[in-house]
Amino acid sequence: PQTLKERLAELIPKEIDNVKAIRAEHGKKAFGQVTVDQVYGGMRGLPALLWDGSVLDAEEGIRFRGKTIPECQAELPKAPGGSEPLPEGLFWLLVTGEVPTDAQVKALSQEWAHRAALPEFVEEIIDRCPPSLHPMSQFSIAVTALNHESAFAKAYQEGISKKDYWGPVFEDCMDLIAKLPNIAGRIYRNVFGSGKLPAIDTSKDYSYNLANLLGFGDKEAFVELLRLYITIHSDHEGGNVSAHTGKLVGSALSDPFLAFGASLNGLAGPLHGLANQEVLLWLMKMKSKLGDAPTDEAVRGYIWDTLNGGQVVPGYGHAVLRKTDPRYTAQREFALKHLPNDSLFKLVGQIYNIAPEVLLEAGKAKNPWPNVDAHSGVLLTYYGLTQMQFYTVLFGVSRAFGVAAQLIWDRALGAPLERPKSYSSEAIKKMFANK
Ligand code: NMX
Ligand code: MLT
């Protein structure tokens with residue numbers, strides 16, 4: 001079958017023409033005003049970035065190249081006997097805008113398996129990290145160190161022409177994604193002491209191999225969970241902290257390992273990807289305080305205590321979404337199918353019935369509904385992956401898919417260095433003094 005790189009080579013000239021035409025027709029049109037509040041307010045709603053893989057609607061949630069999560073679940077290739085989409089297919093979709101064939105997805109699984117080995121020095125770096133160093137820091141260190149092998153950094157030093165940048169960036173992105181299971185598995189086994197890392201099985205798909213490296217290869221339902229997990233966490237348009245950081249750092253022509261290492265450092269923050277760890281911690285504290293089957297009143301009181309303590313309710317709220325995150329719903333449906341009677345899942349469902357009310361009554365959060373992180377840890381815990389400090393690493397493995405797809409396109413389209421304008425408060429005061 002045609003490879004992803006071959007298909008990309010056909011699509012790039014067409015997309016360059018498409019962008020030229022858009023700019024010729026619309027280039028001087030305005031999205032609207034930029035207010036001083038937006039500059040102080042974390043740039044909410046400010047149109048500032050091009051991002052092709054996905055667009056987020058505040059009410060409806062994410063669409064990957066125009067497709068909702070249920071559409072991806074229906075249309076993307078599956079493993080034999082499986083019912084969740086293979087992330088390989090999602091990556092193809094993110095990069096090309098097209099649904100691949102089963103054969104193309106199979107070829108991608110094999111290609112990633114063949115690229116999966118880590119340089120020995122990267123293994124040593126991971127092995128030397130103290131187990132007390134957070135898995136996300138270890139992850140970022142290891143990904144950054146892969147820059148030693150970067151095809152793009154080497155080609156740049158050798159004077160590659162700008163029009164050819166995308167080729168070695170594509171190679172680096174494929175290597176990056178392919179090597180993440182070995183990095184994640186090694187960190188997991190080192191930190192949580194669960195034995196020797198098995199070899200990659202080149203006949204199996206990416207999610208199976210990741211599950212196997214973590215010690216869960218024999219649990220088919222866990223492998224299915226990872227297929228769904230990696231698919232839905234991959235991309236959330238361009239403005240979220242990890243995606244934007246990767247794009248920004250990539251715009252300096254830092255190679256994909258440096259760019260994605262930076263993404264991971266953003267994902268490691270508690271308001272972003274680390275929220276999946278925070279949710280589990282919060283649930284465990286709730287259980288130890290209120291017992292296994294608390295009353296609605298007790299749960300409501302616990303949520304109020306969280307807010308009154310000046311803390312956020314983890315897993316709730318969103319900078320863009322104004323309805324329940326469809327990634328939450330997809331995980332809830334998975335739970336209803338595979339673990340309907342699990343007590344922690346029931347607690348998550350109970351909180352879903354109570355927390356939005358409380359957040360609305362408290363009156364601050366613009367979105368009282370749950371986001372992706374409110375659900376993921378409960379599913380992982382059910383299958384025995386109980387080490388919550390590891391959860392954001394899995395989010396990171398997935399986010400590489402979205403960041404990599406855009407890095408390839410940014411270099412193919414000759415995206416410029418990002419350099420927005422900033423102002424001091426003094427300058428803002430002067431600028432608007434008499435207006
Ligand atoms: N619990 C308590 N307060 C909240 C929450 C929440 N879940 N969500 C928002 N608020 C507060 C927020 O802190 C802010 O307070 P203040 O005016 O004192 O600064 C106020 O409500 C208005 O914030 P919003 O405009 O609604 O939210 P914003 O766009 O600034 O932030 C989040 C979005 C996601 C950072 C925020 O909702 C939050 O902190 N949620 C909890 C952490 C979380 O689940 N993060 C994961 C997001 C998804 N991901 O994976 O990245
Ligand atoms: C994400 O997946 O990146 C989060 O939902 C945060 C965001 O979109 O801002």
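For the residue pair Glu15/Asn18, the side-chain donor-acceptor check at 3.5 Å is satisfied. Of the N and O atoms on the side chains of Arg7 and Thr96, not one donor lies less than 3.5 Å from an acceptor on the other residue. Looking at Gln73 and Glu84, their side chains do bring a donor and an acceptor atom within 3.5 Å of each other. A donor atom on one side chain and an acceptor atom on the other are found under 3.5 Å apart for Thr392 and Asn276.
Taking 4.0 Å as the cut-off between side-chain N and carboxylate O, Arg227 and Glu220 count as a salt-bridged pair. Using a 4.0 Å cut-off between charged nitrogen and carboxylate oxygen, Lys5 and Glu171 count as a salt-bridge pair. Salt bridge absent: Lys14 and Glu10 never bring a charged side-chain N and a carboxylate O closer than 4.0 Å.
Between Trp282 and Tyr302, the ring planes are tilted. Angles from 30° to 60° get that label. Between Phe345 and His375, the ring planes lie tilted relative to each other; the angle falls in the 30° to 60° range. Classified by interplanar angle (parallel below 30°, tilted 30° to 60°, perpendicular above 60°), the ring pair Phe152/Tyr156 is tilted. Ring geometry, Tyr383 versus Phe222: the interplanar angle exceeds 60°, so the pair is classed perpendicular (tilted spans 30 to 60°).
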TODO: Test Asp57 against Arg63 for salt bridge (charged side-chain N to carboxylate O under 4.0 Å, His left out), laying out the working first.
DONE: CA-CA 8 Å; Asp57 179 86; Arg63 279 179 185 261; over 6 Å; no

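The distance between the ring centers of Phe401 and Tyr206 falls below 6.0 angstrom.
With a 4.5 Å cut-off on side-chain heavy atoms, Gln277 and His134 count as touching.
No side-chain donor-acceptor contact under 3.5 Å links Lys366 to the backbone of Val320.
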